[in-house]
Structures are given as structure tokens and as C-alpha cells.
Amino acid sequence: MFEIEQREIAKQIVDICRNEGIEIENISWSWIPFSGNWGMATTFFQAAAEEARAKGLKINVGKRAQEIASLIAERLQLPAGFEKAESVRGYLNLYFSTPDYSQRVIDTVLHEKENFGRNPRSGKRVMVEFSQPNTHKAFHVGHLRNVILGNSVCNILDFNGDTVIRTNYLGDIGLHVIKWLWCYLKYHEGEQPSGDITRWMGDIYAEASRRHETEADAEEEIRALFARWDSRDPKIVALWEKTRQWSLDGFDQIYRALNVRFDHLYFESDVEDSGKEIVDKLIEKNLAVDERPEGPVVVKLDELCGTKDKYRVLVALRSDGTSLYSTKDLSLASRKFNEFNLDQSVYVIDVRQSLYMQQIFKTIELMGYPWAKNLYHLSYEIVNLPGNVTMSSRDGTVVFLQDLIDEATSRAKEIVNEKNPDLAESTKDSIAQMVAMGGLKYSMLSRDNTKIVTFDWQAALDFNGQAAPYIQYAGVRANSILRKADMRVPAALPLAYELSEIEIELIDLISRMPKEVQRAAAEYKPLFIANLAFDLAQTFNNFYRQCPVLQAEANVRDYRLRLAAAARQAMVNCLALRELIRLKLCDFERMCLTGLEKPDPFFYE
RNA sequence: GCCCUCGUGGCUCAAUGGAUAGAGUAGUUGACUUCGAAUCAAAAGGUUGGGGGUUCGAAUCCCUCCGGGGGCGCCA
């Protein structure tokens, strides 16, 4: 928010230093870390150290940095809106003039509304591939992190100015599908899914795995079915198409519940043939070695790159000529760039596939595609069960997504019943749903991508403290104040009283949002936004406690009303980004506002 | 064997290479006649796994060791 001032002051500093014979390259700004003070800060340690090095002197760097800082504090011509410049132990602190800047921040937020925090369009086209479920299989909590992370990253990139193409890549063929079809034909023919489609599909898959291991002739029958599929037996293809659609319908149910959408879908079955063509090309170019029929087609990456044990060997095609995941990924990668004219292609895939991703990217680079450098693997750690048990559909250790949502919702309902017993039943249900979904999403997004999430019911359903409901509640409180002021945010007015420490802190935090969006986008880290949202909520709750709004005298009241409205807007924008279902938060507020028995359809648009 | 990753109060996690390492939670002590107590306040809790190094400055970068997890030629 203060880039113009930062640039102007930085230029002055460089000039002042140059007059003194000190060369400074670039100046990086940070916040002043003292509560109740706000402004921007920079240091001169580096300048002092470099000066000493250049002159070959041995000096006390801290002392010299302080000399430079105080020199600058003295000579700097502060632009309008700054109160004072101060040098402290090598730091230069520039304090904002509170009346000017508080008004500027609040006005900006209230003017930009749901676009506050948004950065200018970058012109960059980015495709983000995430979710990638297999059809004919269950969808469990282990898959949840991918969807939530991927969707949140898309929101953040979009908010930061990129054109984002949200893509799903569905595993609709392969052995697992044939296994499923075999089990269906043999034991469930004619049955149809109802209700929770994905669970029904997953149950049959689990049964298929079990029967595959226990029944003597299963292996042979499955292989025979695979052959029929391979020769495109119309009956099998028709069944495949029908059952695949069931899975897709089931996924739609889940995505709708999570409020996730995709702009484009790719299917493995679509890129199989083109994948085989790419493998042929690899062989032609002597990048791949065809060891068929004794062995598969392999790309010996370490040999090609002159590395040792770094890239290992990528298997690109089975010895029987059937395709692998890699076969299809090689083709899909180029298809994305051809079809969408991308500047960048992001893969949201868990960390266990890091080596594989590097192999794919390296192979594409060796093929000479110029866009190879624009491929990025956004890796994240998996969700485990306590005791470091990885969920597995084979071992029956999965926690089904629907079970989790149901359990979370009923736990939230209990709390609503306890805290707000007087609300209408349908209102309680809606609130329970919002609290539950927000809580689940927060638990996935509020830790670093590189950290393993250990799933246990207690932690996932703990709504106290640093969790989504805390933030939602702060939003509701803000809203509650505004409601009692008839939802009218007063027009801009000058500051006519001295802001308290906590008010300054709140405004300061709000003003950081655009920068945080930038950081979150650059590093693909929703965590930064999650942290900001929590900080905002915490500071707002503090403000709420310390600073009466409605009972205050007129000008204080109006100023604080605007501040509350701005804080509320900033929190809502953070939640929307973090994909804590903004729409539902609006519902929550709406119902607290009016006590509607049923949500107004308007809010579902 | 090689590669990647994580290690921060009892527990779960934060912290652009910068100022006094911050939250939540559990336990302790307080606050509803006050805009919604799903809240707030207070005290307590730390050799940032060990040891070196780089740097004016390291939880953060490099090396090494220890410990957890993951990956490494026909799964996805």
C-alpha cells in the first residue's frame, strides 16, 4: 500500500548516502515491530559492512550503521503523511502520521470492498492441476488436502493478478478400473448407485481388491477382462463409460460440498495414444532405450545428464507396450501448453512423487521444449493417521470424506446447541455446517505445505483457539456492531481523537494484506493468508473488548464503525482466499443478522 | 547405499537472514448489569536436536552427526 512512498524515500536515501561516499544498492522495507507504532523500517548494517569491506577497514559495524541511520534520519525530507524519522541501533524507523494513514487504509478498504488486497493483473496465464482422483475409487481425507490446497492456491494466484486455469486430471483407466468392472460384473451386475456415489464405488473397489487376493481364478479373469477392454469390446467400453460417469457424478457432489470448481478436465484415457507417440519420439531421438520385449522403454536420465543417482531411470512404457502414468504425463504436459498458451504449469501433487516429477520435467527439457522451465511441482506432505499410519484403501484404514464432514457437522451442532440454544433448528444446522467446513479447511491450510498433517478426530474437530470458528466469530461480532448501526457505514470523516494502540495495530494489520497476497502467491503458501486472518481476528477481538463503538461519542463512534467495517472486510477477503467458503460465511452473517429461517436464495448466487 | 524432507515451550504449530523467537492448547489465576464470554486479561513455560562454519547479524544459509518420515527400472 505504501510502495510509492517507499520508492521515493529509498531514492532520497541512496542520494544522501552517495553524497557521503556510501554506495547502497537496494533498500528493503519491513514493518516496525513495536506494538502501537506503525510505519516502515530499514537497516544499514549491510551498507556499513560493505563500506568497511570496500575500504579494507575493520570497524564496529553496529556503530557505523547507527551513524548512517541517524545521518539519514536528520537529512531525510519526509513526504506528507509521515510523522517522524528515528534512528535506533542501526535501524531507520519512519513513523506514519496516524490521522493520514489510518484514514487512507480504512478508505481504501471500504472503497475496494471485496477487491481489497487484490493486486494488478499480471498478464500471466497459469494452469494449476489438482485433485486428480481415480474414478472407481473412494475419496478420503488423504485426498482432501490436495483439493483444498490446490483450490486455495488458485484463488490466491487469481487475486494476485494471474489468469488461472483450474484443471483436474482424472484417472479413468488402468488396472484399478478393470478390477472394479470385474467385481461389478461378477457380483453386482445391474446395481445402481444412490446417495453417496463415491462411497458406493469405493466399497466395490475395496471388495474387488479383497476378492482379487482371495479368489483363485480372479487374476486370470481380470486379465481376460483387461484384454477385452484393450481390444475395445463394445460391451465393456459401454460399461466403462457408464460407470465412469457415476464416479464423475460422485466427485461433483464432493466438489460442490467443498465449493471447488474446475475450468477444464483432462482424462487419462485422452492422452494415452498421444503418450505412446511421444515415447516413439523419445526412442527416435535416442533419449529412450527400447528394451522390449525383455524390458520396458526407459529414459536413463543420469546417463543423459552426466549425474549419478540423481534422476535415476524413468520407465516410459511397459514391456508389453501398454502405457504407464509417465507415458500419459509426458503427453499431457505439452498438450496443456498447446491448448492454453500457458506461461506456467503447476502440478499439485504430494511429496512422494517429487523424484517422479523431476524425471518428467527433465525428460521434457531434454526433448528441447522451451516451456520445460515453466513446469512447477507444488509438493505438499501427506495426511497420516496417528502413529504415522498412511491411509490405504486396501488396508481399510481410510477415513471417508463424507464421514469426516458428517462427524464434524454433528460435533459443531452440539456446540451450537450449547452456545446458541435459542436459534431455529435450521439456522443451527446451517451454522454447524459452516463451522465444520471452515474448521476442516483451516486445519489443512494453517500449516506449511512441507509439514505432515496427522489426522485425528480430536484435533480435526477442535474448534477452540487458533481455528476457523475463531475468525468466523470475530467477523460475526464485527457484523453485529454494524447491524446495530443499521448497517450504515458512515461517510469518510477526519480523525478527531487519539487512536489507541490496539486500533493502530488493527489498521496496520489490515494494510498488510496486499503484500501478504503477493508473498502467498509467490511461494504458493496459503499459510501466510491463514496467519493474517488469525492475526486480524485476534486483534479485532482485542479492539472489540477495549474500544466501545456504539456507546462512544459521535465522531469516535463513526470512526470506529468504519474501522470495524474495514476489519470485517479484510477478514472476509482472507477467508475467501483461503477458501474458507466465503459464501457460507456470508450466510452465517446473514442469519445472525436477520435470524432467517431459511437462507435467502440470493446468497447462493 | 544414494536423494528429498522434517526436528522450535508438555502437546500442535508460527516467525522476508534483522530489533525482546511468537500464537494456540493443557495446567494455574482472574473478568459477563457492558456492541454476542465460540471472548478477554495475567503469570508460568525456550541452550530453536548436537557440534562446527559463513555473516555486522542465523531458528532460517553451508558442512557434519543424531533422530522421525518419504522416495529410488515396468504402481499411480
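Lettering follows sequence order; numbering is per chain, from 1. Atoms considered below: every heavy atom in the structure, side chains included; atoms not considered: hydrogens, waters and symmetry mates.
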query = Side chain of A:N420: nearest nucleotide among B:U55, B:A41, B:G36?
reply =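 In terms of side-chain proximity for A:N420, the closest of B:U55, B:A41, B:G36 is B:G36.
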key: Selected nucleotide, minimal atom distance to A:R312 side chain, candidates B:C72, B:U20, B:U39   =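 Between B:C72, B:U20, B:U39, the one nearest the side chain of A:R312 would be B:C72.
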Between [X] and [N], is there a contact of a side-chain N or O with OP1 or OP2 at under 4.0 Å?
{"X": "A:R519", "N": "B:U16", "answer": "yes"}
{"X": "A:R53", "N": "B:C56", "answer": "yes"}
{"X": "A:K451", "N": "B:G69", "answer": "no"}
{"X": "A:S354", "N": "B:C4", "answer": "no"}

query = Mind checking the P distance from B:A59 to B:G50? Whole angstroms is fine.
reply =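 After rounding to an integer number of Å, I get 11 Å for this pair.
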task = Quote, to the nearest angstrom, the C1' distance that separates B:G51 from B:U47.
result =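 Result for the C1' pair: 13 Å, nearest Å.
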message = Just to be sure I understand the rule, does A:A49 reach a base, reach only the sugar-phosphate, or reach nothing, if contact means heavy atoms closer than 4.0 Å?
response =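 Base contact.
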request  = Check every strand shown and say whether A:V549 touches a base, only sugar-phosphate, or nothing at a heavy-atom separation below 4.0 Å.
outcome  =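 Base contact - A:V549 has a heavy atom under 4.0 Å of at least one base atom.
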query = Only one of A:Y376, A:F361, A:F130, A:Y169 clears ring-ring contact (aromatic ring centres under 6.0 Å, His included) with A:Y347; which?
reply =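 Among A:Y376, A:F361, A:F130, A:Y169, the one that satisfies the ring-ring contact (aromatic ring centres under 6.0 Å, His included) with A:Y347 is A:F361.
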ask   = Syn or anti for B:C62, taking syn as within 90° of 0?
value =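 Anti.
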ask   = Could you go step by step and tell me if A:S269 and A:D172 meet the side-chain hydrogen bond (donor to acceptor under 3.5 Å, both in side chains) rule?
value = CA-CA 6 Å; A:S269 56; A:D172 62 338; 2.6 Å; yes
query = In terms of the angle between their ring planes, are A:Y325 and A:Y356 parallel, tilted or perpendicular, with boundaries placed at 30° and 60°?
reply =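 Correct class here is tilted.
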key: side-chain hydrogen bond (donor to acceptor under 3.5 Å, both in side chains) assessment of A:Y470 paired with A:N541   = CA-CA 9 Å; A:Y470 179 90; A:N541 274 330; 3.3 Å; yes
